[in-house]
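Notes for the one structure printed next.
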Protein chains: 2
Amino acid sequence: MIEKLLKSKKLRRTPFRKEVLGVFLNEPNAISVTDIEARLKQFDRITLYRTIKSFIENGLIHEIVMPGDIKKLALCPDECSSVNHVHTTQHMHFRCRMCENIFCLNLHEFPEINIPRFKVDSIEIQGTGICNICL
Amino acid sequence: MIEKLLKSKKLRRTPFRKEVLGVFLNEPNAISVTDIEARLKQFDRITLYRTIKSFIENGLIHEIVMPGDIKKLALCPDECSSVNHVHTTQHMHFRCRMCENIFCLNLHEFPEINIPRFKVDSIEIQGTGICNICL
DNA sequence: TCATTTATGCAACAATGTTGCGTTTTTGTT
DNA sequence: AACAAAAACGCAACATTGTTGCATAAATGA
């Protein structure tokens, strides 16, 4: 699974990368760099940052940012690649203001946004509220 | 104008705040902290950060973040206050990938997002593409 | 004008992320 | 299986961005 995923994105399968990817696969929601660090026994901080960067560049994970210094990472759908991060037109991000978890949710009906005189390439939607678990 | 704006948000009208607010009023689009710094002759960095924070907390400006370490600030519509930043349900943010400007655009038809079993309080929409000027 | 409250400016610190570089590991090829 | 090339690792040092504490100064309401 882990090996296959790295291979499919043309990333070298080093022990550290497998470990970091394993962290993502074990988490249902988006996680922060600090979350990742907490789940690794010992690691080099610089290598972790470079690993994250290469995961993003190769379409394995994507970054989610929100006002208030919220920065998280989450696995991409399989279709993502370095040339095309398609998730922005397929799923939205939701922040629960109770548990503070960030969810990637798939919308079947994605709204269409037209702006007169503008060419819109992609749309990103972020919602805030209360999640199904906290409700 | 500047005085009135500060007073309406119950912020003390100090020379520095008037100067910073003036920078926002002179810019059509969202600006970064670095942009503000470049437009001030001499200033204290800490005071600037505190000024920005209090402007945000009092509904005078709002923060716009996007993946890739993009962090900008823009004036709020008049209706915003510390208790209610309404802009999130009234306008969207658009990043032009040519000029890299970030626009606050008002949408008359704001899409409605319903997520089964979730309570959605607010929606933020961010678009990317090419702006009317670059087109 | 005066007292209270808030903002300012300095120093020091904290968090987060990056660059350079020599060494090690992975990979595709012999 | 061994080897060479390419990429990743790990260390040090640095860069950027933002915060806290505190003494002084300025703004506000009485």
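Since the structure is predicted, the reported quantities are computational estimates derived from the model, not experimental observations.
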*asked:* Just to verify, what does A:V33 make a side-chain contact (heavy atoms from CB on, under 4.5 Å) with, not counting sequence neighbours?
replied: A:E37, A:L48, A:Y49, A:I52, A:L73

_From CD of B:E19 over to P of C:dG9, roughly how many Å is that when rounded to an integer?_
10 Å

_Nucleotide C:dT26, atom P - distance to CD of A:E3 in whole Å_ = 11 Å

*Any donor-acceptor pair under 3.5 Å between the side chain of B:R12 and the base of C:dT5?*
yes

*Send over the distance from B:I46 CD1 to D:dT16 P, rounded to a whole Å.*
16 Å

*Roughly how many Å is it from CG in A:L6 to C1' in D:dA7, rounded to a whole number?*
14 Å

*Axis-to-axis angle across the helix from C:dT1-D:dA30 to C:dT30-D:dA1, five pairs an end, to 10 degrees?*
40°

*Could you label the plane-to-plane angle of the A:H62 and A:H93 rings as parallel, tilted or perpendicular, counting under 30° as parallel and over 60° as perpendicular?*
parallel

*Rounded off to whole Å, could you give me the CZ-to-P distance for the A:F16 and D:dA8 pair?*
13 Å

*In Å, rounded to the nearest 0.5 Å, how long is the span from CZ of A:F103 to SG of A:C131?*
4.0 Å

*asked:* Heavy atoms only, 4.0 Å cut-off, all strands: where does A:T47 land among base, sugar-phosphate and nothing?
replied: base

*Mind calculating the distance between CZ (B:R45) and P (D:dT19) to the nearest angstrom?*
10 Å

*More 5' along DNA chain C: B:D44 or A:K71, using each one's nearest nucleotide?*
B:D44

*What is the distance, rounded to the nearest whole Å, between atom NZ of B:K18 and atom C1' of C:dT8?*
15 Å

*So, does B:Q126 use its side chain to make a donor-acceptor pair with the main chain of B:V65 at under 3.5 Å?*
yes

*Please state how far atom NZ in A:K7 lies from atom P in C:dT27, giving the value in whole angstrom units.*
8 Å

*Should B:T14 be listed as having a side-chain N or O under 4.0 Å from OP1 or OP2 of C:dT6?*
no

*Answer with base, sugar-phosphate or nothing: what part of the nucleic acid does B:K10 contact at a heavy-atom distance below 4.0 Å?*
nothing

*B:L135 vs A:F118, side chain to side chain contact (heavy atoms under 4.5 Å, CB included): CA-CA, chis, key distance, verdict*: CA-CA 7 Å; B:L135 257 185; A:F118 280 66; 5.8 Å; no

*Look at A:Y49 and C:dG17 and indicate whether a side-chain polar atom (N or O) is within less than 4.0 Å of OP1 or OP2.*
yes

*Just to confirm, is there a sub-4.0 Å distance from OP1 or OP2 of C:dT8 to any side-chain nitrogen or oxygen of B:T51?*
yes

*B:M66 CE to A:M66 CE distance, which is reported to the nearest 0.5 Å*: 13.5 Å

*Report yes if a side-chain nitrogen or oxygen of A:R13 is closer than 4.0 Å to either non-bridging phosphate oxygen (OP1 or OP2) of C:dT27; otherwise report no.*
yes

_Distance check, rounded to the nearest 0.5 Å: A:L60 atom CG versus A:F24 atom CZ?_
8.0 Å

_Shortest non-hydrogen contact from A:M98 toward A:C134_ = CB-SG, 3.8 Å

_Taking 4.0 Å as the cut-off, does a side-chain nitrogen or oxygen of B:K53 come that near to OP1 or OP2 on D:dG18?_
no

*Is any side-chain N or O of A:S54 closer than 4.0 Å to OP1 or OP2 of D:dA8?*
no

_Under 3.5 Å, is there any donor-acceptor pair linking the side chain of A:R50 to the base of C:dG17?_
no

